[in-house]
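Nothing here was measured: the structure is a model prediction, and the numbers come from that model.
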Amino acid sequence: MFMTIDMSQQKLYRLLRDEKTIWVLYLDIVKFHEVEFRYGYIICRQILEEIENELNLTLRKERNLFLYSQSESRGGDDFVVYFVPGKNMHWEMKEIIEQWVLPFEERFNRRIRKLVNEKISLRSGLARCINEVGRSPDYLIYAAVKEAFLLNKSEPDPHFFARRDEISHLIEEPDTYLKAAFQPIIETRSGEVFGFEALARIPGSTCFNNIADLFPFAEKIGQLYPIETLCRRQAITSYPAIAQNREMLFLNINPQVLIDPEFASGHTRKLLSEKGLAPKDVVLEITERSAIEDFSTFRDALDHYRNQGYLIALDDVGAGYSSLQSVAELHPDFLKVDRSLIQGVNADPIKWALLETFVTFSKRIGCRIIAEGVETAEEMRTVVQLGVDYVQGFLVARPTFERKSINPAVMQILDRVHRLKSIDQNPILSMVEPLPLFDSNALVNSVETYFREHPHQWLVGITEDSRLVGVLQRDRLFAALGTRYGVSLFSERTVPILMDTNPLIVEDTTPLEVVSSLAMQRSDTQLYDGIIVANLRKPIGMVSVENLIKAISERQIQLAQGANPLTGLPGNLRIDQEIRQHLERGLTFGLIYVDLNKFKYYNDLYGFQQGDLAIKMLGEVLLNASYITAEKTFIGHIGGDDFIAISSPSDLEKLAVNILAQFEQSCEQLAGTENLSVALAGLIINTTDQSWTPLLVSERAAQIKKEVKAMGGNSFLLR
């Protein structure tokens, strides 16, 4: 019979106080519910009695091996056995599966042969319980039983004890065994480093091949909180040597830790302060290694940290537990799109559409998108093109213990893509769709299968040695297969037999109007075929003629809506866009604010029709003068007699001189223009000097305009 719980527990408590190690073995029957279904309740009741009898008999026979041993039933098929090893033991408790559980299982199965005609297997979990200062014996026993239970219900781990010992060493000597690596997150608009994600590393580990294995195991043995605490401490301690210019620190936080009262004690904030950091410099990255069960409680915890100044990022979006409900409930400041959605996004229409949706969605709810795991130039171009705010991945830089330079190839991609995103220069890139690629040795029937599985895909590329050699249109393929002998003629042949070897291929720098012209010059049979868009002759996607026509129509409408009706020059909307684009690129540029002196007097004296002629004349002067500049100059009409010119700083004085000269010549052809003169307020905007905004540019230019108008006559003032 089993000992009473009270007496046995008291004995265990005394052993702990005497600094004895207690081993807790949790046993149950594998798939016991299936055994009960096959044999019924009565037989299963007898099976449990036989386990109990064999446990009693075994423990009595082995008294000489143990200083103390006892067993108890936990209900159903669950049993717990406590062991305190004695001096006569010839094996270690870590070997209990081979030395004790398997022999016990064999004896138990001999007992129940009369009841069942199959072998019943036992599942086990073993935990170690030792005395700890400040912890009561009942808590320690309870924690050990819980740990053994969790191990019993999980997959067997042959490295369990070695891993547990390694975690113990890590907790005891974190400075020796634990380091923080940092991976940069860059802003796609400027290419500058926005922040770093801190990633734990355990150099020299023999049990954890991947750092991702550390945290689930730590959680399994009840050590997740101390491990995460140490990881945060190492990250915060190491970060000042990495960061520059208030770059953000991304700290990984498990949801279960965030709602732990001990985490809310303020230790993290105190450590930040000691290292010269503040909560506003930190993004808490919710890793969601486990599901959030109580969103209300978790949201309250997040609000607590937000009120302190921390920002919140939701990690692994598109994978694992990071559901749309998490986004809706937690209102994160950043969404980190998982690598599983970024990998191959340039050639996968579904991933392309999903990422595009996330970007649009993020703008609607006021948060920012971070693309994780960007590893190729093609992925980089695509995520930037789709409007992702920040990028992180091996292509940018690998995690390192010291600050390293960003991959120069990334900066080239960013510069090129942003240059092409200008409305005036290249809207073609915004219409590019992914181009699935097939090798020239692929069979026609494999492409047919692909088209049937992807009903919205209308074109694929055919490559040979990574070089595009042709394309295959969906309609053309099915038309060929639909002929009388089409299937037998083509299905088992390679795709070159049906591909178009001379598709229209345009560089991503080609202006929209040129693409349209080239597309319309094709023969009638090819007029509506897809257009391949390439970067240095390497295909990056495709554009449909339908989308091309729509884009041209929308472009004309936008230009018409944004233009000043009198001069046809870009109006305030386009002027604001142009200034913003220059500021976002971080480039120094020049600006001239143009205004007619005494225009109101002239308009009142000669009438509004003559006044309109003077304004149109000034617009033509500005356009003509802009043609002599080395780089393209933007001319906009603010309204009334106010204009603006945006050019390179090196061209600014030359442009101003040309405007004044041409204005004087043009005035000779207009009645009463001796009463008119033009004031040019020049301004150099150096984005490295201060935080410029379109409003600040406008205010500064207005100040200079006031000064130059006071000079009178045709004049130019540069500040």
- Query: Salt bridge check: are Lys336 and Glu372 linked by an N-O gap of less than 4.0 Å?
  - Reply: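 Looking at Glu372 together with Lys336, the answer is yes, because their closest N to O distance falls below 4.0 Å.
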- Task: Could you tell me whether Arg339 and Glu379 have a side-chain N and a carboxylate O separated by less than 4.0 Å?
- Result: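 Between Glu379 and Arg339 there is a salt bridge, with a charged N closer than 4.0 Å to a carboxylate O.
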- Mind running salt bridge (charged side-chain N to carboxylate O under 4.0 Å, His left out) on Arg403 and Glu247 for me, showing each step along the way? CA-CA 12 Å; Arg403 188 182 183 106; Glu247 291 161 344; 2.8 Å; yes
Using the six-membered ring wherever Trp is involved, compare the ring planes of [X] and [Y] and label them parallel, tilted or perpendicular (cut-offs 30° and 60°).
X      : Y      : result
Phe589 : His582 : tilted
Phe182 : Tyr239 : tilted
Phe217 : Phe208 : perpendicular
Tyr450 : Phe438 : perpendicular

- Query: Any donor and acceptor pair, going by atom type alone, linking the side chain of Glu187 with main-chain N or O of Asp389 inside 3.5 Å?
  - Reply: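 Absent.
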- For Pro434 against Pro436, the heavy-atom pair lying closest together: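 Scanning both residues, the minimum pair turns out to be O-CD, 3.4 Å.
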- Message: Are the side chains of Arg476 and Leu498 in contact, using a 4.5 Å heavy-atom criterion?
- Response: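 No. Closest side-chain heavy atoms not under 4.5 Å.
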- Would you say the side chain of Ile532 lies within less than 4.5 Å of the side chain of Leu504, judging by non-hydrogen atoms?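 No, their side chains stay 4.5 Å or more apart.
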- Within a radius of less than 6.0 Å around CD of Gln244, do more than 12 heavy atoms belonging to other residues, nucleotides or ligands occur?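 Counting neighbours around CD of Gln244, more than 12 heavy atoms of other residues, nucleotides or ligands fall under 6.0 Å, so yes.
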- Item | Any residue meeting side chain to side chain contact (heavy atoms under 4.5 Å, CB included) with Asn445, in chain and number order, not counting sequence neighbours |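 For Asn445, the residues satisfying side chain to side chain contact (heavy atoms under 4.5 Å, CB included) (neighbours in sequence not counted) are Leu443, Glu448, Ser491, Glu492.
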- With sequence neighbours left out, what residues match Arg522 under salt bridge (Lys or Arg N to Asp or Glu O under 4.0 Å)?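 Per chain and number, Arg522 pairs via salt bridge (Lys or Arg N to Asp or Glu O under 4.0 Å) with no residue.
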